[in-house]
A.B. asks: 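Okay, handing you the structure first.
These numbers were taken from a predicted model, which means no experiment stands behind them. Naming convention: chains lettered A, B, ... in sequence-line order (proteins, then strands); numbering from 1 in each chain. Note: hydrogens, waters and symmetry copies are ignored here, and every other heavy atom, side chains too, is used.
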Number of protein chains: 2
Amino acid sequence: MSKRILISDIAKSLGVSVTTISFILNGKAKEKRISDALTNRVLEYVKKVGYKPNQLAQSLRTGQTKILGLLVEDISNLFFANIAKHIEESSYASGYHLLYCSMGNDTVKARELIQLFYDRQVDGFIITPTEGLEDVVALLLKNNVPVVLFDRYIPQVETNYVVSDNFNGSFRATKHLLENEDNRRIGFVSLYSDQTQMRDRMDGYMKALDQYQRQAYIKKIQIDEQEDIAMAQIFEFIEDNKLDAVLFATNYLAITGLKVNKKYGKLPAMVAFDDHTLFKLHEPAISVVSQRIETIAEELVKVLLRQIRNPQADVKHIVVPCDLKIRDSSTAKIK
Amino acid sequence: MSKRILISDIAKSLGVSVTTISFILNGKAKEKRISDALTNRVLEYVKKVGYKPNQLAQSLRTGQTKILGLLVEDISNLFFANIAKHIEESSYASGYHLLYCSMGNDTVKARELIQLFYDRQVDGFIITPTEGLEDVVALLLKNNVPVVLFDRYIPQVETNYVVSDNFNGSFRATKHLLENEDNRRIGFVSLYSDQTQMRDRMDGYMKALDQYQRQAYIKKIQIDEQEDIAMAQIFEFIEDNKLDAVLFATNYLAITGLKVNKKYGKLPAMVAFDDHTLFKLHEPAISVVSQRIETIAEELVKVLLRQIRNPQADVKHIVVPCDLKIRDSSTAKIK
DNA sequence: CATTTTTGCTAAAAGGTTTTAATAGTGGTC
DNA sequence: GACCACTATTAAAACCTTTTAGCAAAAATG
């Protein structure tokens, strides 16, 4: 580990040229017709002295950093944290490391970070595109930087993405609620957001209602709304419309919903989008549409590496099914 | 963004040497007596063409990557995910980026990653040391690589660390339980682990019991124990000893405890270490010893950057207080 | 045996910065 | 007018690889 040893040191010690060693280390011995004898001698020596090439020099020369940029909305969100974990594991297995960051809903920071990571010459990007990033992503593509989006995508930009089947997840969850005859009025709580996952979740809800010819009750909350205001709005939504059941479009909204219940003691049957460690333990246990996090992460890395290795590869759109997990909150009313 | 522009291009366009431009860009214009006229001319031009230095070349030359390595036990654990978020924010503010990874309890992977990050010449490390990493961390220090540990530290290695005041957190939580006369028998559920945070939490529990001259009931669970086995053990522990209250040494153990309750309907008063989004919403709401995540993250980055900027700086040991958040689970028995 | 091909290896350029050491010019001093 | 000090700038080395282009010797070919 100490006194970094260079390829030139090895060359000197062995009385061979730097070029030869580089060829051997990069597996080009055969191709470059380096004799087996010398190849082995070098390999052995390299191992003995524990030489590790300087990544920076290597990257500077080859233009490859073996680093991927992971830009998520919020790494402290359980969904993203879990994805991040699996992405890291998959990448590690392929010799890639990850530079990460949370962008929040700060478009300026997001743009800057994409630029910064680009300047650092990451080999590819994994991004949850927040609103206002369309042009930056388009620019990356124009510069032939491999990109894969997830959780949501940008319709007007033709790039790789891996998303959950939000439509069907939502559709099935709503249908599940509709199947219970007690649930006459079923509401949907979502966010003011044009992101695809939100749109798809709403469409799924609508489709199910349409099949049963029922009225839709939809309440949208401002994205960074203060919690108590959001709570009041949800409470009012439920009260005023005398809802029997609610489908929450995100994990966080569902938690806010639970807080409403805690405070006002009033929550109808419900299903949440995205599972959460403690939903199972809640009283009653919360039914959820859960996303296949591991699959999503694996696909993300697979798609991105494919693009990195073959820049001509055609764009991939991967839709991963969701799983409806029926627990108590949707079968028995809360309290 | 396209057709990367180099410092030499600028030199040519402006009819100045590369050196001069580099000096100006690195704020050495005054020191090197570059005329103000030229300085401005260069600065303006650089801005106009949007030149960004190639980070790799820069790093290769200076040996500074402006990247920190973040090695945590498990990025999908809410505590670490939250810390990671704030670490990223603090680092970003100082112009640093983060290479992260989860090590699990895989010492081999951990060692390899530290080596790999070292090879990538990260400017410093933020690490939650898992068992078996003592020598690697010591080696980093011997090589003058800035390191700061968190969550726990390695007693035999004199390095920077930022940890919570686990002892007092645990002490106060136990004392809180002792103050309720109904709680005659108070147990402690922990892990088979020699890590400092575990030891301190146990010591705090002990100290409180000693003050009240009460018997200790301590159950340790194997670190990667299967959940159902852990559940059975906890159940048995509570049953056999007829415990009135339990302090759980970690978040996860507490959640396992809640699962025990869900399954066997039997859990005494409790306090958990580490807060969790849904603890507040649990029925009853779970009392916790919560850690000041934001403070810890900020201190980590502060201490590390300090060491990076001044390698001679003396070692810092920072202990951040915990907050006891009393909710229902410790004041009224569960069910 | 002269010529071509193959074998085994290497010198030097390239990648894009920062930094050391030096240079040419100007003004001042005795 | 010789010497020094200072100003404003720069050539070239250094950081450490990979890769292109090429060379000398040995083997194969006709």
A.B. asks: At what angle, to 10 degrees, do the two end axes of the helix from C/dC1-D/dG30 to C/dC30-D/dG1 meet, given five pairs define each axis?
C.D. replies: 70°
A.B. asks: Mark up nucleotides 6-13 of chain C, 5' to 3', with B wherever a protein heavy atom is under 4.0 angstrom from a base atom, S wherever such an atom reaches only the sugar-phosphate, and - elsewhere.
C.D. replies: -BBBBBBB
A.B. asks: Tell me, please, the opening and closing nucleotides of DNA chain D, 5' to 3', among those with an atom under 4.0 angstrom from a non-hydrogen atom of chain B.
C.D. replies: D/dT7 to D/dC16
A.B. asks: Listing request: all salt bridge (Lys or Arg N to Asp or Glu O under 4.0 Å) pairs with a residue in residues 12-31 of chain A, at least two apart in sequence or in separate chains.
C.D. replies: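 The answer is A/Lys30-A/Asp36.
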A.B. asks: Using the test ring-ring contact (aromatic ring centres under 6.0 Å, His included), find all partners of A/Tyr153 that sit at least two apart in sequence or belong to another chain.
C.D. replies: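 Residues passing ring-ring contact (aromatic ring centres under 6.0 Å, His included) with A/Tyr153: A/Tyr161.
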A.B. asks: Flag yes if more than 12 heavy atoms outside B/Lys109 fall under 6.0 Å of its NZ atom; otherwise flag no.
C.D. replies: yes
A.B. asks: Regarding A/Leu6, tell me which of base, sugar-phosphate or nothing describes its non-hydrogen contacts under 4.0 Å with the strands shown.
C.D. replies: sugar-phosphate
A.B. asks: Can a side-chain donor-acceptor contact be found between B/Ser13 and B/Asp9 if the only test is distance below 3.5 angstrom?
C.D. replies: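 The criterion, which ignores hydrogens and geometry beyond distance, is not satisfied for B/Ser13 and B/Asp9.
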A.B. asks: Among residues at least two apart in sequence or on other chains, which ones pass salt bridge (charged side-chain N to carboxylate O under 4.0 Å, His left out) with B/Arg33?
C.D. replies: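 In terms of salt bridge (charged side-chain N to carboxylate O under 4.0 Å, His left out), with neighbours along the sequence ignored, B/Arg33 is linked to no residue.
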A.B. asks: Run the side-chain donor-acceptor check on residues 119-129 of chain A: report pairs under 3.5 Å with partners two or more places apart or on a different chain.
C.D. replies:
from, atom 1, to, atom 2, distance (Å)
A/Asp119, OD1, A/Gln115, NE2, 3.1
A/Arg120, NE, B/His97, ND1, 2.9
A/Arg120, NH1, B/Gln55, OE1, 3.4
A/Arg120, NH1, B/Thr65, O, 3.0
A/Arg120, NH2, B/Thr65, O, 3.2
A/Arg120, NH2, B/Lys66, O, 3.0
A/Gln121, OE1, B/Asn54, ND2, 3.2
A/Asp123, OD1, A/Thr65, N, 2.9
A/Asp123, OD1, A/Thr65, OG1, 3.2
A/Asp123, OD2, A/Thr65, N, 3.3
A/Asp123, OD2, A/Lys66, N, 2.6
A/Thr128, OG1, A/Glu73, N, 3.0

A.B. asks: Assess whether salt bridge (charged side-chain N to carboxylate O under 4.0 Å, His left out) is satisfied between B/Arg152 and B/Asp194, documenting all intermediate values.
C.D. replies: CA-CA 10 Å; B/Arg152 51 213 113 152; B/Asp194 290 330; over 6 Å; no
A.B. asks: Within this structure, what is the CZ-to-P distance between A/Arg120 and C/dT17, rounded to whole angstrom?
C.D. replies: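 Those two atoms, CZ and P, are 14 Å apart.
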A.B. asks: Do any pairs count as a salt bridge (Lys or Arg N to Asp or Glu O under 4.0 Å) and have a residue in residues 132-145 of chain A, sequence neighbours left out, and if so which ones?
C.D. replies: A/Arg111-A/Asp135
A.B. asks: Just by distance, do the side chain of B/Asp106 and the backbone of B/Val108 share a donor-acceptor pair under 3.5 Å?
C.D. replies: yes
A.B. asks: Evaluate B/Glu112 against A/Lys52 for salt bridge (charged side-chain N to carboxylate O under 4.0 Å, His left out), listing each step before the verdict.
C.D. replies: CA-CA 12 Å; B/Glu112 193 178 329; A/Lys52 296 270 172 62; over 6 Å; no
A.B. asks: Checking A/Tyr51 now: which residues fulfil side-chain hydrogen bond (donor to acceptor under 3.5 Å, both in side chains) with it, not counting sequence neighbours?
C.D. replies: none
A.B. asks: Give the residues of residues 44-58 of chain A touching DNA chain D, defined as any heavy atom closer than 4.0 Å, sorted by residue number.
C.D. replies: A/Tyr51, A/Pro53, A/Asn54, A/Ala57, A/Gln58
A.B. asks: Applying salt bridge (charged side-chain N to carboxylate O under 4.0 Å, His left out), name anything that partners B/Arg41, two or more places apart in sequence or on another chain.
C.D. replies: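 Applying salt bridge (charged side-chain N to carboxylate O under 4.0 Å, His left out) to B/Arg41 gives none.
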A.B. asks: Which part of the nucleic acid, if any, lies within contact of A/Lys30, taking any heavy atom under 4.0 Å across all strands shown: a base, the sugar-phosphate backbone alone, or nothing?
C.D. replies: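 No contact at all - A/Lys30 keeps every heavy atom at 4.0 Å or more from the nucleic acid.
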A.B. asks: Looking at residues at least two apart in the chain, or sitting in another chain, which of them share a salt bridge (charged side-chain N to carboxylate O under 4.0 Å, His left out) with A/Lys302?
C.D. replies: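 In terms of salt bridge (charged side-chain N to carboxylate O under 4.0 Å, His left out), with neighbours along the sequence ignored, A/Lys302 is linked to A/Glu299.
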A.B. asks: How many Å lie between CD on B/Gln64 and P on C/dT19, as a whole number?
C.D. replies: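 My rounded result for the distance is 10 Å.
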